[in-house]
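What follows is a single structure, written as structure tokens, with notes after it.
Quick note: residue numbers are just sequence positions, from 1.
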Amino acid sequence: MNSLAHENRSSANLGLQKQLPIWPESVRGGPNAILRSALFAGIQSKKRQIIGRQTRPDKNLESVPIASQDGITINFAGMQLNQYDADVFFETLHRARRQPMETVCQFQGADFLKSIGRSCNNLSYEDLEESLQRLRRGSVDLEWKVNDRHYRFSGSLIAYFVREQTTKTYKVTFAKEILTLFAPASWTQLEWDQRQAIKGKPLAQWLHSYYSTHAAPFPVTVAFLHNKSGSPTTLLKHFKTELNNAFATLSTTLGWSVTWNRNLVTVTRNPSAAQNRHVAKKIAKTKRLRELRETQGKQRDQQLALRQPAREAAKQETFDMFSTRQVLDQLLKAR
């Protein structure tokens with residue numbers, strides 16, 4: 001089956017789904033295709049840039065590629081997103097997960113700011129509103145494959161939002177297409193307490209998000225992390241220093257173990273309960289397949305053993321027939 005057929009079938013399956021998965025209160029759901037990319041860069045807010053290509057003054061920005069892991073393609077246009085925007089996006093999704101998409105998700109600004117670890121002052125409200133604007137105005141085109149299925153998302157991460165100035169109530173709406181980002185095996189449960197413990201350290205937060213998508217992380221190079229985190233640091237040796245500091249934070253705060261082999265990094269961390277279940281399922285599936293192959297092999301051997309006497313008898317009968325024919329041929333020649 002070709003990729004287009006997979007995409008159509010996947011879209012049809014998602015059409016039956018009207019709301020996000022219901023993950024526990026202690027975690028936040030994050031799409032793997034985003035967490036394994038530089039869409040939410042691991043940078044300070046003051047280092048944001050406008051992403052896109054301006055071909056003509058009267059035209060909107062054209063999207064440009066965003067660094068991502070193999071198998072994921074992202075194009076984006078708009079003001080660059082970072083880990084603060086990731087906090088806002090994940091928390092808003094969290095509050096919208098219990099209701100159908102395309103319906104209004106309503107919350108109080110003070111409660112929301114508290115959930116993302118920010119104080120409730122005028123500057124925090126301004127930051128929140130600006131982040132929601134970036135998420136609404138940014139244009140994202142995203143494609144990825146999972147288990148031989150092809151998925152695509154195109155649009156804004158937030159459809160629209162309204163802030164009531166007097167009550168400081170926010171009303172946010174997501175397009176139903178957001179559900180595609182949460183297709184089976186396409187998203188991760190982020191431990192929210194862990195993420196908030198490293199708040200204010202964007203590279204450490206990006207690393208936490210990236211490594212959270214892998215139950216058993218594989219070794220990667222410094223250049224890989226430099227590229228995928230969206231770092232604006234020019235020299236790799238300078239980024240390696242930043243990376244060392246970020247891993248030191250993760251080691252001290254979350255107990256991660258990091259091993260260096262020149263420019264190759266290996267991370268050891270405790271997988272989440274969901275990832276443990278995922279690994280256990282894979283092990284159980286592998287065991288079932290192995291047992292099935294062994295059973296099928298034994299059955300084939302038994303069938304061959306049962307057929308062997310019949311084959312020997314058939315061979316003997318054929319031999320006897322040829323022997324009889326040879327005798328008759330000799331008698332005919334003698335006459």
Any chance you could measure Arg53, atom CZ, to Asn60, atom CG, to the nearest 0.5 Å?
14.0 Å

Transitive ILVMFWY side-chain link Met79 to Ile74, under 4.5 Å:
no

Output, in order, the C-alpha distance, side-chain angles, deciding distance and verdict of salt bridge (charged side-chain N to carboxylate O under 4.0 Å, His left out) for Arg97 and Glu25.
CA-CA 11 Å; Arg97 76 193 192 286; Glu25 188 63 32; 3.4 Å; yes

Pairs of donor and acceptor atoms involving the side chains of residues 246-253, under 3.5 Å and at least two apart or interchain, shall be tabulated with distances.
unit_1, atom_1, unit_2, atom_2, d
Thr249, OG1, Asn245, O, 3.2
Ser251, OG, Trp256, O, 3.1
Thr252, OG1, Ala248, O, 2.9
Thr253, OG1, Thr249, O, 2.9

Mind listing the closest non-hydrogen atom pair of Ile178 and Ser156 along with its distance?
CD1-O, 4.4 Å

Are Ser209 and Arg36 close enough that a side-chain donor and a side-chain acceptor fall under 3.5 Å?
no

Intermediate values then yes/no, side-chain contact (heavy atoms from CB on, under 4.5 Å), Val140 and Phe153:
CA-CA 8 Å; Val140 181; Phe153 169 83; 4.3 Å; yes

Check whether Phe90 and Met101 end up in the same hydrophobic cluster, where Ile, Leu, Val, Met, Phe, Trp and Tyr are linked by side-chain heavy atoms less than 4.5 Å apart.
yes

Test item: side-chain donor near acceptor, Ser124 and Asp127, under 3.5 Å:
no

Please report whether the ring centroid of Phe182 lies less than 6.0 Å from that of Trp23.
yes

Before accepting this row, confirm whether a basic side-chain N of the pair Asp87/Arg118 lies closer than 4.0 Å to the acidic partner's carboxylate O.
yes

Ile22 atom CD1, over 12 foreign heavy atoms within 6.0 Å
yes

Would you say Val64 ends up clustered with Phe40 if hydrophobic residues are merged whenever their side chains have heavy atoms under 4.5 Å apart, either directly or through other cluster members?
yes

Would you call Lys171-Glu164 a salt bridge at under 4.0 Å N-O?
yes

To the nearest 0.5 Å, what is the distance between NZ on Lys240 and CG on Asn263?
4.0 Å

Any side-chain heavy atom of Val172 within less than 4.5 Å of one from Val104?
no

Looking at side-chain heavy atoms only, is the closest gap between Gln99 and Gln19 below 4.5 Å?
no

Minimum heavy-atom separation for Ser186 to Val146, with atom names?
OG-CG2, 3.6 Å

Would you say the side chains of Arg195 and Gln83 form a donor-acceptor pair under 3.5 Å?
yes

Determine whether a donor-acceptor pair (N or O, by modelled atom type, separation under 3.5 Å) exists between the side chain of Glu102 and the backbone of Phe174.
no

So CZ of Arg137 and CG of Leu157: to nearest 0.5 Å the spacing works out to 14.5 Å

Would you check if there is a donor-acceptor pair between the side chains of Asp141 and Ser154 at a distance under 3.5 Å?
yes

Is the NZ or CZ atom of Lys145 both under 6.0 Å from the centre of the six-membered ring of Tyr151 and within 45° of that ring's axis?
no

Close side-chain approach of Arg136 to Tyr160, heavy-atom, < 4.5 Å
yes

Counting N and O atoms only, with roles assigned by atom type, does the side chain of His226 sit under 3.5 Å from a partner on the main chain of Thr233, one being a donor and the other an acceptor?
yes

Tell me the closest heavy-atom pair linking Tyr211 and Pro217, and the distance in Å.
CD2-CB, 3.6 Å

Measure across Gln54 and Leu61 and return the closest heavy-atom pair with its distance rounded to 0.1 Å.
OE1-CD2, 3.5 Å

Going by side-chain heavy atoms closer than 4.5 Å, which hydrophobic residues are tied to Leu264, directly or by a chain of links?
none

Let's go through Arg48 and Arg134 carefully: what are the C-alpha distance in whole Å and the side-chain angles of both, what is the deciding distance for side-chain contact (heavy atoms from CB on, under 4.5 Å) to 0.1 Å, and is it a yes or a no?
CA-CA 11 Å; Arg48 295 182 194 278; Arg134 285 189 292 271; 2.9 Å; yes

Please report the closest heavy-atom contact between Trp187 and Pro21, naming both atoms and the distance.
CZ2-CB, 3.5 Å

Report yes or no: do Thr73 and Trp144 form a side-chain donor-acceptor pair below 3.5 Å?
no

Please round to the nearest 0.5 Å and tell me the distance separating atom CG of Leu203 and atom CD1 of Ile198.
9.5 Å

Any heavy-atom pair between the side chains of Tyr125 and Phe112 that's under 4.5 Å?
no

Crowding at CG, Asn121 (>12 non-hydrogen neighbours, <6.0 Å):
yes

Steps toward side-chain contact (heavy atoms from CB on, under 4.5 Å) verdict (Trp192, Val27)
CA-CA 5 Å; Trp192 198 240; Val27 303; 5.8 Å; no

Compare all side-chain heavy atoms of Ser212 with those of Arg269 and state whether any distance is below 4.5 angstrom.
yes

Go through the steps for Ser131 and Asp85 under the test side chain to side chain donor-acceptor pair (under 3.5 Å), then give the verdict.
CA-CA 6 Å; Ser131 179; Asp85 301 305; 2.7 Å; yes

Hey, are the side chains of Leu132 and Ile158 touching, using non-hydrogen atoms and a 4.5 Å cut-off?
yes

Kindly give the heavy-atom pair with the smallest separation between Glu91 and Ser115, and that separation in Å.
OE2-CB, 3.4 Å

Is Trp260 linked to Phe218 within one hydrophobic cluster, defined over Ile, Leu, Val, Met, Phe, Trp and Tyr using a side-chain heavy-atom separation of less than 4.5 Å?
yes

Is there a path from Ile43 to Leu81 through hydrophobic residues (I, L, V, M, F, W, Y) whose side chains come within less than 4.5 Å of each other?
no

When rounded to the nearest 0.5 angstrom, what is the spacing between OG in Ser26 and CG in Leu190?
11.0 Å

Compute both the distance and the angle, then confirm whether Arg95 meets the cation-pi test with Phe107: under 6.0 Å from the six-membered ring centre, within 45 degrees of the axis.
yes

Would you verify whether the NZ or CZ of Lys228 falls within 45 degrees of the ring axis of Phe224 while also being under 6.0 Å from that six-membered ring's centre?
yes

Side chain to side chain, Phe239 and Leu235, heavy atoms closer than 4.5 Å:
no

Indicate yes or no for a side-chain donor-acceptor contact from Asn82 to the backbone of Tyr84 under 3.5 Å, with no hydrogens or angles considered.
yes

Could you go through residues 65-72 and list every donor-acceptor pair under 3.5 Å that involves a side-chain atom there, pairing it with any protein atom two or more places apart or in another chain?
unit_1, atom_1, unit_2, atom_2, d
Ser68, OG, Ile72, O, 2.7
Gln69, OE1, Tyr210, OH, 3.2

Please round to the nearest 0.5 Å and tell me the distance separating atom CD of Gln189 and atom OG1 of Thr213.
13.5 Å

Could you walk me through whether Asn261 and Thr266 pass the side chain to side chain donor-acceptor pair (under 3.5 Å) check?
CA-CA 8 Å; Asn261 182 6; Thr266 303; over 6 Å; no

For the pair Thr188 and Asn32, evaluate side chain to side chain donor-acceptor pair (under 3.5 Å) and give the outcome as yes or no after the intermediate values.
CA-CA 6 Å; Thr188 290; Asn32 290 344; 2.5 Å; yes

Take Leu142 and Arg152 through the test side-chain contact (heavy atoms from CB on, under 4.5 Å) and record every step on the way to the result.
CA-CA 6 Å; Leu142 202 161; Arg152 181 174 182 179; over 6 Å; no

